[in-house]
Each structure stands twice: as structure tokens, then as C-alpha cells.
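See structure below.
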Amino acid sequence: MHDQDDPGRTATGAGHGEAAGHGEYEDADTVLASGTVRLRDGHGDSAGTGFLVGDGLVLTCAHVVCDALGKPRDSEVLPEARVTVDMPLLAGPKTPGHGVEAEVAHWVPIREDRSGDVAVLRLLAPAPGARPLPTSLSRRLWEHGSRIVGFTGRSDRPVWQRGSLLGPAGKGWVQLSRADGQTVRVTGGFSGSPVWDNALGAVVGMIVAAEPVRDDQQAYMLHLGALADEIPALAEVLLAPTPFRGLEPYREEDAEVFFGRGEDTETVVTALRGDRAAVTLCGPSGCGKSSLALAGVAPVMRRAGHEVVVVHCGRTSRPVGALAVELLELARQEQFGPPRAIGVERVVTWLTGAGLADTVHRLTGSATTDLLVVLDQAEALLDLPAGDLTALLSVLFPARRTAGMRVLLTLRADFIDAALSHEHLGPVLKRGASCR
């Protein structure tokens with residue numbers, strides 16, 4: 001089992017798949033309670049589960065909605081059809097937030113090959129205390145510990161199952177196996193349950209199917225990436241920052257309220273002032289790497305005269321393009337004069353052709369080469385096609401180094417071996433410095 005963190009806690013300050021903050025922790029169960037919903041049928045029995053993914057949006061299975069409406073599972077449910085959801089984990093019976101109407105906003109029926117089976121509901125009234133769950137689109141899930149929750153019959157008492165995420169099973173599905181010693185089997189009331197990844201501290205999928213109940217029963221989740229492919233509008237929702245500090249990393253603008261990490265900040269800054277082009281800040285999920293880099297190190301380097309740009313590797317499949325966007329934002333700062341009409345693709349061409357230093361000069365008109373590029377959640381680089389990764393590394397680490405240009409990577413400890421042994425990324429990291 002790959003339970004990188006205490007499976008019962010998620011670090012405050014966590015973003016989508018990355019934890020950070022002051023070292024305080026919030027129970028994963030508490031987080032799940034705030035965003036897990038139940039759907040009932042016309043008899044009051046549980047039809048299945050769902051979870052909040054955006055402002056008033058609930059993600060669940062299409063067959064769960066059909067069961068709640070008393071319709072055959074191959075029915076086409078029209079937009080604005082209404083069901084009732086409640087949140088027994090959060091509110092409890094007969095308390096605020098219990099029994100909220102929701103309407104169908106998006107519908108993907110079950111296809112003949114069993115793909116699809118997605119519904120997005122929109123709450124028609126507020127549910128006090130409810131909030132979207134943190135999500136991650138990471139596909140590096142092998143043997144990560146997981147937890148799911150379901151409801152059976154008319155009971156408000158939840159049924160939890162511990163499991164282990166395995167490999168892909170086609171149609172965007174990922175196999176989910178019961179943990180050793182776990183006696184709970186997945187039944188109908190689990191359909192639509194968020195699948196919580198203990199290592200990532202986030203939801204990575206939704207339960208859609210299970211084999212018949214038996215000792216070696218396997219269940220299957222639909223990966224959030226596949227959900228976003230089915231309903232493209234979900235991609236932005238699943239990557240959006242969560243609306244509460246408990247699950248959001250500190251950023252540079254939060255420097256004044258980020259405290260208690262002065263010694264760690266100085267260690268990283270000292271490494272960046274050395275003769276290595278790259279510094280890797282590594283540690284387990286939940287230790288606050290992103291917060292330290294963004295709210296601790298970045299402001300210190302900026303005060304010392306460096307410009308700072310941040311590329312969130314987990315949120316882009318084209319990091320050179322993301323770097324180009326950030327450099328354009330940098331060039332629009334008042335100190336560099338009136339902004340010029342330059343497109344992202346042109347900047348990408350400059351980066352891959354002329355290099356980073358020349359591109360910064362062209363965009364800003366400044367001769368400075370003091371630039372810090374932060375690659376946050378750098379473990380996501382391991383998922384890139386070789387061409388995209390080598391393009392980025394060529395831009396950031398040219399054969400002829402430019403004085404003053406530095407790269408700071410944040411990297412989860414459980415990806416260190418994979419990163420160091422990687423054909424392209426490994427040599428770069430080995431030539432750099434590391435802070436733990």
C-alpha cells in the first residue's frame with residue numbers, strides 16, 4: 001500500500017493534489033463529509049452517492065440519477081429534471097442542508113460498451129457547510145491507498161471501504177481492489193462515490209461499477225480525466241482552486257501571513273544563490289513545499305532583485321506554453337513600459353529558438369538576467385511526452401548557462417527515485433542541489 005501520508009488526515013493548505021500550509025491537518029473524513037451527497041429514490045432508499053466539484057455542482061453517475069427517478073438505466077434524462085440530494089455525513093437528519101433539490105445540468109448516458117454514465121447536477125438551494133472537494137487529475141495512482149463511502153437502504157449511517165488503486169481497465173476506468181482484511185463489499189449505494197487518494201489528499205475518480213459480491217470482488221472508478229473528456233466544461237472546474245484556505249496552498253501574495261518557516265526559506269534561498277542552475281525542494285505530500293516555494297522563497301528572491309515566474313506543472317500538458325504565458329504576464333508589469341501585442345505562440349518560438357534569456361530581454365527590454373522560474377509539482381513532468389519535456393529542459397537548462405537564472409522545482413518525495421532515474425529529467429536534477 002502506498003499511503004504516503006497518514007490516511008486519516010489531509011494537510012491544511014492543500015491544493016489539487018498538493019498539500020501545504022503551516023503543518024496543521026484536517027481529517028480527510030471531515031473534508032469528504034463537506035462535499036459528499038446522497039441521492040434517494042421515490043421510496044426513500046439510497047440510489048447512490050455523488051460529490052461537489054464546483055460552486056453548487058454535483059458529480060454522480062447517470063444510472064444513479066435514473067434510479068433516483070425510478071427510470072430504466074438506459075433512459076435519456078432531459079436537462080432540468082429534478083432529484084433530491086442530502087448530505088448525511090455533514091448535516092445529519094433534520095438539520096440544515098438536508099434535502100436539497102438539484103436539477104440535471106449535463107448528461108452522458110451509459111453507452112453499449114458501458115462507457116459514459118456521467119451526470120452533473122446543479123443545486124437549486126444552498127447547502128450550509130457544503131464545499132467542493134479537492135481533486136487531482138494525476139494518473140500516477142498505482143497502489144495508492146484509497147477510501148470510498150456508500151449508503152445502503154434508508155440508513156443515514158455511511159459504509160466506508162478501504163482499498164488500493166491499481167491499473168487502467170479501459171473506458172477511462174481504473175481498477176480498485178479491497179484492502180487486506182477489509183470485509184466491506186461495493187454495492188449499489190457506492191455508485192457515484194468520490195474515490196479519495198490517501199497519497200494525493202484529493203479525489204481522483206468516481207465509482208461507476210463493481211463485480212458481483214464475492215471475496216475477490218474488484219470495483220472500478222471513472223478517472224476524473226475521463227470525466228473531463230466526457231464533459232469538457234468539467235476540466236476547468238476540476239482544476240479550479242478550492243474556495244477555502246484549508247485546501248489551498250499559500251501563494252506569493254500571502255507572504256505576510258505565511259510564517260514559521262524562516263529557517264527553511266533561508267536554506268532554499270542560500271542554495272539558489274549558489275552555483276547550481278537548479279534547486280529541488282523535495283518532501284512528502286503534506287509538508288508544505290508549494291507554500292514554502294511560493295510564499296517563502298519567491299518574495300525573498302524578488303526583494304533581492306530577481307523576477308519570479310511560476311509554472312504549475314500539474315495544471316498544464318504544455319509547460320513551454322505555460323512558461324510563455326507567465327513571461328507575457330511578467331512583461332506587462334508597469335516597470336517594463338506599455339504592453340506590446342505579442343502572442344503566446346510567438347513567445348514559444350522565441351523560447352525554443354533563441355532561449356530564455358533572449359526571450360526575457362525581448363519581452364521586457366531589460367538587460368537583467370536575474371530570473372527565478374518555479375516549477376511547482378514537478379512530478380507531473382514525468383507524465384509528459386519526451387518531446388515536450390526535452391523542449392522545456394532545453395529552454396531552462398541550455399548548454400551555455402546564463403548568470404542569475406535559476407530554477408526551483410518542488411517534488412514529492414515518493415517520486416524522487418523515478419525523477420532521478422528518468423532519462424531526461426534525472427541528469428538535470430543530479431547536476432543541481434536539493435533541499436529536504
Side-chain angles (χ1 to χ4, degrees), residues 15-16 18 20 235-236 239-241 248-255 268 272 277-281 289-381 384 388-398 402 404-411 425 428:
H16 290 238
E18 172 63 38
E236 184 176 350
L239 288 173
E248 182 181 350
Y250 285 86
R251 299 155 298 188
E252 188 172 352
E253 54 265 39
D254 300 315
V268 178
L272 288 169
V279 174
T280 303
L281 174 57
K289 299 179 296 297
S290 293
S291 292
L292 178 59
L294 303 182
V297 175
V300 173
M301 295 296 287
R302 195 181 294 279
R303 288 195 296 270
H306 278 70
E307 299 298 338
V308 179
V309 295
V310 180
V311 176
H312 298 283
C313 301
R315 303 181 187 178
T316 180
S317 59
R318 191 170 173 242
V320 174
L323 176 60
V325 171
E326 295 303 320
L327 290 173
L328 281 170
E329 288 299 313
L330 170 67
R332 292 190 179 104
Q333 293 181 14
E334 185 177 350
Q335 69 204 63
F336 298 122
R340 291 173 289 168
I342 300 173
V344 172
E345 292 307 316
R346 188 175 181 186
V347 178
V348 169
T349 301
W350 289 349
L351 285 169
T352 55
L356 180 57
D358 187 78
T359 300
V360 172
H361 175 68
R362 293 188 190 191
L363 286 172
T364 65
S366 170
T368 183
T369 58
D370 290 340
L371 176 72
L372 172 64
V373 178
V374 180
L375 298 179
D376 192 30
Q377 296 183 342
E379 60 271 7
L381 298 177
L384 291 176
D388 291 333
L389 178 56
T390 55
L392 176 68
L393 297 179
S394 296
V395 168
L396 296 178
F397 305 103
T402 302
M405 289 200 167
R406 295 290 183 270
V407 178
L408 174 62
L409 305 91
T410 67
L411 179 68
L425 186 58
V428 170

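When a residue number appears, it is its place in the shown sequence, counting from 1.
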Notebook entry, point to check: Could you walk me through whether Val268 and Leu408 pass the side-chain contact (heavy atoms from CB on, under 4.5 Å) check?
Noted result: CA-CA 9 Å; Val268 178; Leu408 174 62; 3.9 Å; yes

Check: Can you name the nearest heavy-atom pair linking Ala378 to Leu411, along with the distance?
Finding: C-CD1, 4.2 Å

Next item on the list: Go through the steps to decide whether Trp350 and Asp358 satisfy the test side-chain contact (heavy atoms from CB on, under 4.5 Å), and finish with yes or no.
Entry: CA-CA 8 Å; Trp350 289 349; Asp358 187 78; 5.7 Å; no

Next item on the list: Measure across Ala278 and Leu409 and return the closest heavy-atom pair with its distance rounded to 0.1 Å.
Entry: CB-CD1, 4.1 Å

Item checked: Closest non-hydrogen atom pair, Leu323 against Leu396 -> CD2-CD2, 4.1 Å

Checklist line | Check: Gln377 main-chain N/O paired with Thr410 side-chain donor or acceptor under 3.5 Å | finding: yes

Next item on the list: Check the pair Val279, Leu281 against side-chain contact (heavy atoms from CB on, under 4.5 Å), reporting the backbone distance first and the verdict last.
Entry: CA-CA 7 Å; Val279 174; Leu281 174 57; 5.7 Å; no

Next item on the list: Please examine the side chains of Leu356 and Thr402, heavy atoms only from C-beta on, and report whether any two atoms are closer than 4.5 Å.
Entry: no

Notebook entry, point to check: With side chains defined as the heavy atoms from C-beta onward, is the minimum distance between His312 and Leu294 less than 4.5 Å?
Noted result: yes

Checklist line | Minimum-distance pair of heavy atoms, taken over all atoms of Leu392 and Pro319 | finding: CD2-CB, 3.8 Å

Next item on the list: Give a yes or no on whether a salt bridge exists between Arg318 and Glu345, defined as a side-chain N under 4.0 angstrom from a carboxylate O.
Entry: yes

Next item on the list: Quick one: pull up CZ in Arg346 and OG1 in Thr359 and give me the separation to the nearest 0.5 Å.
Entry: 11.0 Å

Check: Is Leu425 close to Leu393 at the side-chain level, that is, under 4.5 Å between some pair of heavy atoms?
Finding: yes

Check: Which atom pair, heavy atoms only, marks the closest approach of Leu381 to Cys313?
Finding: CD2-SG, 3.8 Å

Note to self: Determine whether Val309 and Val374 satisfy the following criterion, side-chain contact (heavy atoms from CB on, under 4.5 Å), listing intermediate values before the conclusion.
What the structure shows: CA-CA 6 Å; Val309 295; Val374 180; over 6 Å; no

Margin query: Can you tell me how far apart CD (Glu307) and CE (Met405) are? Round to the nearest 0.5 Å.
Written below: 10.5 Å

Check: Short question: side chain of His306, backbone of Gly404 - any donor-acceptor pair under 3.5 Å?
Finding: yes

Check: How many angstroms lie between OG1 in Thr364 and CZ in Arg332, if you round to the nearest 0.5 Å?
Finding: 13.5 Å

Checklist line | Option from Val347, Val348, Val344 for which side-chain contact (heavy atoms from CB on, under 4.5 Å) with Val320 holds | finding: Val348

Next item on the list: Indicate the atoms forming the closest heavy-atom contact of Pro299 with Gly296, along with that distance.
Entry: CD-O, 3.5 Å

Next item on the list: Check whether any side-chain heavy atom of Val360 lies under 4.5 Å from a side-chain heavy atom of Leu327, and answer yes or no.
Entry: yes

Next item on the list: Please check if the side chain of Arg406 supplies one atom and the backbone of Leu372 the other of a donor-acceptor pair under 3.5 Å.
Entry: no

